[in-house]
J.: 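Here it is, the structure in full.
None of the values given here were measured: they were computed from a predicted structure.
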Amino acid sequence: MIPSILYFSPQLASWKAQLNTKLQTHGHTVEWLPIQQIKQSPALSLVLIAENDISAEDILLIPSRKTIVIVDEWSLEVSAKWINRGADNCFAHHDEHLISWLLSEFSKFALTRTRKTDDDVLQVIIDAIPAPIFFKDQHHIYRGCNTAFCEFIGRPRDEVVGHSVYDIAPKHLADIYYEADCELLAKGGTQRYEAEA
């Protein structure tokens with residue numbers, strides 16, 4: 001069995017052994033990789049991060065990972081706050097539901113690696129359009145793009161989809177794009193980009 005990879009923040013180091021034992025009891029081997037900041041983990045990866053380890057820079061990258069925020073004391077308000085910021089879930093240190101949630105995620109990942117979806121049809125259609133196209137979700141994460149966009153920015157699709165602009169552009173440009181996206185989401189309308197070709 002291929003081990004699942006879990007990235008974890010510093011405050012969770014002493015706790016991971018206990019969590020690992022419980023996961024192994026239920027048949028899952030996990031490779032644990034320590035990180036200091038979310039940006040040290042690849043986009044779309046599974047990240048366990050203690051609330052106290054989250055920096056201002058991390059907050060922008062939470063939605064581009066499968067982020068689970070671990071808090072000292074869970075409440076619906078705290079959980080909703082992190083989920084609204086793009087976290088996949090929020091658990092307390094002592095919450096046994098985390099094990100169940102992780103087992104579910106590992107199973108979903110194993111199934112989706114082997115399945116084709118109807119999204120393939122949409123991809124063929126937008127790839128036929130010669131103008132660069134991309135689309136993002138409410139958390140500013142790229143959810144799709146066409147071949148023309150990948151060629152325009154010089155990155156393959158797997159380095160775009162599931163990533164934030166902070167993963168693919170220099171910070172000074174990412175700040176500009178992020179502010180423009182925030183304004184568009186707040187006011188509605190259209191955004192136009194122009195460049196010499």
Side-chain angles (χ1 to χ4, degrees), residues 3-26 28 30-112 135-143 161-168 171 174-175 177-188:
S4 301
I5 296 174
L6 272 175
Y7 294 85
F8 66 97
S9 70
Q11 288 194 19
L12 303 178
S14 61
W15 178 63
K16 82 172 178 68
Q18 175 187 359
L19 192 60
N20 193 50
T21 301
K22 291 179 182 180
L23 288 169
Q24 286 178 338
T25 300
H26 297 285
H28 271 299
V30 176
E31 182 179 350
W32 293 85
L33 299 174
I35 57 168
Q36 297 296 315
Q37 293 184 295
I38 289 179
K39 70 180 178 183
Q40 295 171 319
S41 64
L44 304 176
S45 60
L46 192 53
V47 177
L48 296 178
I49 188 164
E51 182 177 37
N52 295 333
D53 285 333
I54 298 173
S55 69
E57 189 178 338
D58 287 332
I59 289 173
L60 295 171
L61 296 174
I62 285 173
S64 63
R65 276 68 172 169
K66 197 166 257 311
T67 306
I68 299 94
V69 178
I70 307 299
V71 296
D72 292 329
E73 293 296 323
W74 187 92
S75 71
L76 182 56
E77 291 75 24
V78 169
S79 183
K81 174 185 84 171
W82 287 113
I83 290 169
N84 287 334
R85 288 180 168 179
D88 277 67
N89 219 321
C90 178
F91 294 95
H93 278 275
H94 52 78
D95 191 343
E96 292 280 321
H97 293 100
L98 173 60
I99 303 296
S100 176
W101 190 88
L102 287 170
L103 293 172
S104 171
E105 287 304 306
F106 295 150
S107 296
K108 283 184 206 171
F109 180 73
L111 288 172
T112 57
F135 48 97
K136 297 178 184 176
D137 65 16
Q138 74 275 20
H139 297 295
H140 309 276
I141 302 303
Y142 290 95
R143 293 300 172 199
V161 176
H163 294 72
S164 87
V165 71
Y166 287 93
D167 292 316
I168 66 171
K171 185 178 181 327
D175 287 340
Y177 302 146
Y178 181 80
E179 285 179 30
D181 287 346
C182 287
E183 186 177 331
L184 180 66
L185 285 172
K187 295 180 181 176

J.: At what distance, to the nearest 0.5 angstrom, does CG of L6 lie from CD1 of I68?
T.: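 One finds 7.0 Å between CG of L6 and CD1 of I68.
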J.: CZ of R143 to CZ of F135: how many Å apart, nearest 0.5 Å?
T.: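 Nearest 0.5 Å value for the CZ-CZ distance: 10.0 Å.
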J.: Closest approach of S4 and H28, non-hydrogen atoms and distance?
T.: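 Result for this residue pair: OG-ND1, 4.4 Å.
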J.: Are any of the side-chain heavy atoms of F8 and L19 separated by less than 4.5 Å?
T.: no
J.: For the side chain of R85 and the backbone of I62, is there at least one donor-acceptor N/O pair under 3.5 Å apart?
T.: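 No, the answer is negative, given that no donor and acceptor are paired below the 3.5 Å cut-off.
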J.: Do you know which two heavy atoms are closest between S79 and C90, and how far apart they sit?
T.: OG-CB, 3.5 Å
J.: Quick one: does Y7's side chain get under 4.5 Å of P42's, heavy atoms only?
T.: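 In contact.
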J.: Find out whether C182 and H140 are in side-chain contact, i.e. whether some heavy atom of one side chain is under 4.5 Å from a heavy atom of the other.
T.: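 With C-beta onward as the side chain, the pair touches.
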J.: How long is the straight-line distance from CD1 of I99 back to CG of L103, given to the nearest 0.5 Å?
T.: 7.0 Å
J.: Where the side chain of S104 meets the backbone of S100, is there a donor-acceptor pair that is under 3.5 Å apart?
T.: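 No, because the side chain of S104 does not come within donor-acceptor range (under 3.5 Å) of the backbone of S100.
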J.: Does atom CD of E183 have more than 12 heavy-atom neighbours from other groups under 6.0 Å away?
T.: no
J.: Would you check, one step at a time, whether the test ring pair (Phe, Tyr, Trp, His ring centres under 6.0 Å) holds for H97 with F91?
T.: CA-CA 8 Å; H97 293 100; F91 294 95; 7.4 Å; no
J.: Which distance, rounded to the nearest 0.5 Å, do you find between the NZ of K136 and the CG of L184?
T.: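 Answer rounded to 0.5 Å: 9.5 Å.
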J.: Using atom types as modelled and distance alone, determine if a side-chain donor or acceptor of H26 lies under 3.5 Å from a backbone N or O of Q24.
T.: no
J.: I'd like to know whether L102 forms a side chain to side chain contact (heavy atoms under 4.5 Å, CB included) with V30, so could you lay out the CA-CA distance, the side-chain angles of the two residues, the decisive distance to 0.1 Å, and finally the verdict.
T.: CA-CA 11 Å; L102 287 170; V30 176; over 6 Å; no
J.: Using modelled atom types only, decide if a donor and an acceptor are shared between the side chain of T67 and the backbone of P63 within a distance under 3.5 Å.
T.: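 Pair absent, no side-chain N/O of T67 close to backbone of P63.
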J.: Of all heavy-atom pairs between D167 and L61, which one has the smallest distance, and what is that distance?
T.: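 Between these two residues, the closest heavy atoms are OD1-CD2, 3.6 Å.
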J.: Between H93 and W15, what is the ring plane arrangement, given parallel below 30°, perpendicular above 60°, and tilted in between?
T.: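 Ring orientation, 0 to 90° scale: perpendicular.
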J.: Treating N84 as the side-chain partner and A80 as the backbone partner, does any N or O pair qualify as donor plus acceptor under 3.5 Å?
T.: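 Judged by distance alone, yes, a pair lies under 3.5 Å.
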J.: Which side-chain N or O atoms in residues 46-60 pair as donor and acceptor under 3.5 Å with protein atoms at least two apart or in another chain?
T.:
residue : atom : partner : partner atom : Å
E51     : OE2  : K81     : NZ           : 3.4
E51     : OE2  : W82     : NE1          : 2.9
D53     : OD2  : S9      : OG           : 2.6
D53     : OD2  : Q11     : N            : 2.9
S55     : OG   : E57     : N            : 3.4
S55     : OG   : D58     : N            : 3.2
S55     : OG   : D58     : OD2          : 3.2
E57     : OE2  : K39     : NZ           : 3.1
D58     : OD1  : I38     : N            : 2.9
D58     : OD2  : S55     : N            : 3.0

J.: Check whether any side-chain heavy atom of D95 lies under 4.5 Å from a side-chain heavy atom of W74, and answer yes or no.
T.: no
J.: Kindly give the heavy-atom pair with the smallest separation between Y142 and S164, and that separation in Å.
T.: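 Reported closest heavy-atom pair: CE1-C, 4.2 Å.
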